[in-house]
Amino acid sequence: MLDAFLLGADQIFSASTLLYMLIGSVAGIIAAAIPGFTVTMAIVLTLPLTFAMAPLQGIAVMLSVYVGGYSGGLISAALLGIPGTPSAVATTFDAFPMARKGEPGRALSLGVWASFFGTVISTMVLVVAAPPLAIFAVKLGPWEYFSLIVFALTIVASLVGHSLVRGLMAGAIGLAISTVGVDPIMGRPRFDFGVEMLEPGLPFLVVLIGIFAISQLASEVEDAPSVRSGKSLATQEIDFKTWEVMREVLMRPVNLVRSSIVGVLVGALPGAGGSIANLLAYDQARRASKTPEEFGKGSPEGVVASEAGNSATAGGGLIPLIALGIPGSAVDAILMASLMVHGISVGPRLIMDNADLVYGMFIAMVVASAMMLLVCVLSMRFFLRVAEIPKWLIVPTVIVCCVVGSFALNNRMSDLYLLGFIGLAGYALRALDYPLAPLVLGVILGPIAETNMRRALMTDADWTLFLTRPVSLIFLVAAIGSIGWAAHKYFRSRQNTEKSA
Amino acid sequence: MTEPTQESPSGRQEAGEIARLLSYVAIFAVSAGLGLEAAAIPTSRFEVLGAGAFPLMVYGLLCLVSLIAIVGSVRRIGVGAIARFGGEVLRWIRDRRLVIVIFACFGAYLISIPWLGFSIATFVFLLVAQLILAPRNPLSIGLAVVIALLFSFGLNWVFAEVFNVFLPRGT
């Protein structure tokens, strides 16, 4: 074991591998910082460049892009209020208000440190618990998955904003959007009305960019006199104290560890991913917080939870990949393809046949997170300049980035028309005070819920299995408890508001 | 008690509530229509639930919640509010004239991409949008031209040469 570990470390700590990993980190951070570009796209573009490298060197570079990408999404989430990647949706809830209150440096530093610790914690869990966790994760059937998604949907109750009814409506609209296009089991077309662009369904990324980015950018130019006077996104002087913030993150160990564990567990489930972990970790932090009313107004706890949660999925996703050869997400599938290109068969025997490679991957994860931290800390001042750019310049430019990101996804013009329409609808919903986060949650969870519900009933038509299978029952009971708790909190805060009024 | 006027915050709140009521009604109508469409999707012989079952549940939920929202909203809206609604809408549009202009530019940009190609359409969009939003001085205009060139022709070059991703070329 020690031999394999040292062999892996020797390959990772070679000068060329470290240099390539550094370039990968920078590329991942920049790609994810641009709205519309995802970690998956960055990894896909990196894959052909790794063919000429040694297997561990290639996978280490891709892991650097992966880890860097999970952190890069934070930059536009905090500074522009636009999630750079789907896994940074919840990051916008508190990092953006914090940046708007004149603390963009603190918002970014909190996110970067939380991402770093989240990745390190997930790697530690990966090393210790990969085999048992992987076996548990793959034993979950469609009943457990459906119940898990029902539990995840109860997050809507925490994201409703000013109105419970509008929050529920937004969540249901998200679920409705996910039903457009071919059905996920039989491939039968639904709700396309003969319109070609609706046939494949509404691409999630286009919906995300339209709902969050376009509507946010439009709302930035509402105040005509301030835009025309050259006002920038942040008006106060930008303060930047990264070491102080590191202590601030470490002063919240429970939140950090809990959010990272949520990220690892969600990452270990095939089909789930950073976007769900980001929201789930945020929701859990809010429920456990002594000051839940501060969430959504620039709470540091919210920033730490959301970023630790999404970054920890990187390690979590590797658990079923390394232990069983099952990729849990698109990114993990590309990592698996990279190994297979080099003639390495991925499966339960991977750790026995290629122990040096597996230990090298563990080391690469930690090195990649350290590199992400280094790159982010060194380039933070550069990124913070974004907040000083006048609105008249940044709004049209970011709109163009959104257009390029949406087009590059499938090379379809119709996606751009959808982007325009969804952006307009997103702005209308924002103006009418509908919360947008439940809508995005509905779009993410809708297809997983439908697929697993139908798959469960195809396997066995007995509905009671959702209640009689222990893990499924636990998730359903947790969902009921979660709704009850959220409703109790919501009505109590309304009563308090009415009394004080 | 003073009557809410068009300019008062309560007048604005009333107008906002009417706008929301209209949105609830629209959502209810669309959900009911799509719910009927979902019910018409035939079930498969291979499964208990068909392709229409999940959408039917979702649209049913949406109908129910929007109906609750409609009832709540109708109870909150005052008698004279509808008469003041038109004026408030005009004021809202006037306040957000830049947003409307930007959306109009964005729409024209998206429609023109297939004909003009990404580079030219983006250059024109960026230049026009920035000039609409920017303060009127030579530095802003010069900067707008440089940024428009960089993010249109420059971005197209980067994607084609570095990533092998070809953005629309136009006809």
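Side chains are part of it too, since the values below use all heavy atoms of this structure and drop only hydrogens, waters and symmetry mates. Here is the naming used below: chain letters follow the sequence lines, and residue numbers restart at 1 for every chain.
- From B/I100, atom CD1 reaches atom CG of A/L424 across 10.0 Å, with rounding to the nearest 0.5 Å.
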Let's go through A/F407 and B/F159 carefully: what are the C-alpha distance in whole Å and the side-chain angles of both, what is the deciding distance for ring-ring contact (aromatic ring centres under 6.0 Å, His included) to 0.1 Å, and is it a yes or a no? CA-CA 12 Å; A/F407 181 80; B/F159 268 78; 9.5 Å; no

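- Only the side chain of A/M186 comes within contact range of chain B, with heavy atoms under 4.5 Å apart.
- To the nearest 0.5 Å, atoms CZ (A/R188) and OG1 (B/T43) are separated by 9.5 Å.
- The CD1 atom of B/I147 lies 5.5 Å from the OG1 atom of A/T397; values are rounded to the nearest 0.5 Å.
- For the side-chain hydrogen bond (donor to acceptor under 3.5 Å, both in side chains) condition, the pairs that include at least one residue of residues 22-31 of chain B, sequence neighbours left out, are A/R166-B/Y24, A/Y434-B/S23.
- Only the side chain of B/I27 comes within contact range of chain A, with at least one heavy atom under 4.5 Å from a heavy atom of that chain.
- Neither the backbone nor the side chain of B/A53 comes within less than 4.5 Å of any heavy atom of chain A.
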Evaluate B/L98 against A/W392 for side chain to side chain contact (heavy atoms under 4.5 Å, CB included), listing each step before the verdict. CA-CA 11 Å; B/L98 270 189; A/W392 65 264; over 6 Å; no

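- Only the side chain of B/I102 has a heavy atom closer than 4.5 Å to any heavy atom of chain A.
- Across A/V182, A/L429, A/V403, A/L175, the residue that shares the most heavy-atom pairs under 4.5 angstrom with chain B is A/V403.
- For the side-chain hydrogen bond (donor to acceptor under 3.5 Å, both in side chains) condition, the pairs that include at least one residue of residues 98-117 of chain B, sequence neighbours left out, are B/Y109-B/T122.
- When heavy atoms are compared at a cutoff of 4.5 Å, B/F106 approaches chain A solely by way of its side chain, counted from C-beta outward.
- Between A/P396 and B/F125, the shortest heavy-atom distance links the atoms O-CE2, 3.9 Å.
- Comparing B/P168, B/S66, B/A129 by heavy-atom pairs within less than 4.5 Å of chain A, the highest count is held by B/P168.
- Contact detail for A/V165 and B/A69: the closest heavy-atom pair is CG1-CB, 3.4 Å.
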Side chain to side chain contact (heavy atoms under 4.5 Å, CB included) for A/K391 and B/L133? Distances and angles first, verdict last. CA-CA 8 Å; A/K391 285 182 185 180; B/L133 299 174; over 6 Å; no

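- With rounding to the nearest 0.5 angstrom, the CZ atom of A/R455 is 13.5 Å from the CG atom of B/L49.
- With chain A as partner, the option from B/G52, B/P114, B/G107 having the largest number of non-hydrogen pairs under 4.5 angstrom is B/P114.
- Pairing each heavy atom of A/A431 with each of B/W92, the nearest pair is CB-CZ2, 3.7 Å.
- For B/S152, no part sits under 4.5 Å from any heavy atom of chain A, backbone or side chain.
- Chain A forms the most heavy-atom pairs under 4.5 Å with one residue out of B/A148, B/G72, B/G50, B/C105, and that residue is B/G50.
- Residues A/D183 and B/F54 form no side-chain contact, since every pair of their non-hydrogen atoms from C-beta on lies 4.5 Å or further apart.
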May I have the step-by-step check of side chain to side chain contact (heavy atoms under 4.5 Å, CB included) for B/F166 and A/N411, ending in yes or no? CA-CA 8 Å; B/F166 297 98; A/N411 281 8; over 6 Å; no

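- Of the listed residues (A/I173, A/I185, A/V400), the one with the most heavy-atom contacts under 4.5 Å to chain B is A/V400.
- For B/I132, the parts lying under 4.5 angstrom from a heavy atom of chain A are both the backbone and the side chain.
- To the nearest 0.5 angstrom, B/M57 atom CE is 3.5 Å from A/M453 atom CE.
- Closest heavy-atom contact between B/R20 and A/L432: CD-O, 3.2 Å.
- Taken to the nearest 0.5 Å, the OG1 atom of A/T179 stands 11.0 Å off from the CG atom of B/L56.
- Options B/L143, B/V65, B/V99, B/I111 differ in how many heavy-atom pairs under 4.5 Å they form with chain A, and the most are formed by B/V99.
- For A/F191 against B/L34, the heavy-atom pair with the smallest separation is CE2-O, 3.6 Å.
- For a residue to count as touching a neighbouring chain, one of its non-hydrogen atoms must lie under 4.5 Å from one of that chain's; by this rule A/F421 does not touch chain B.
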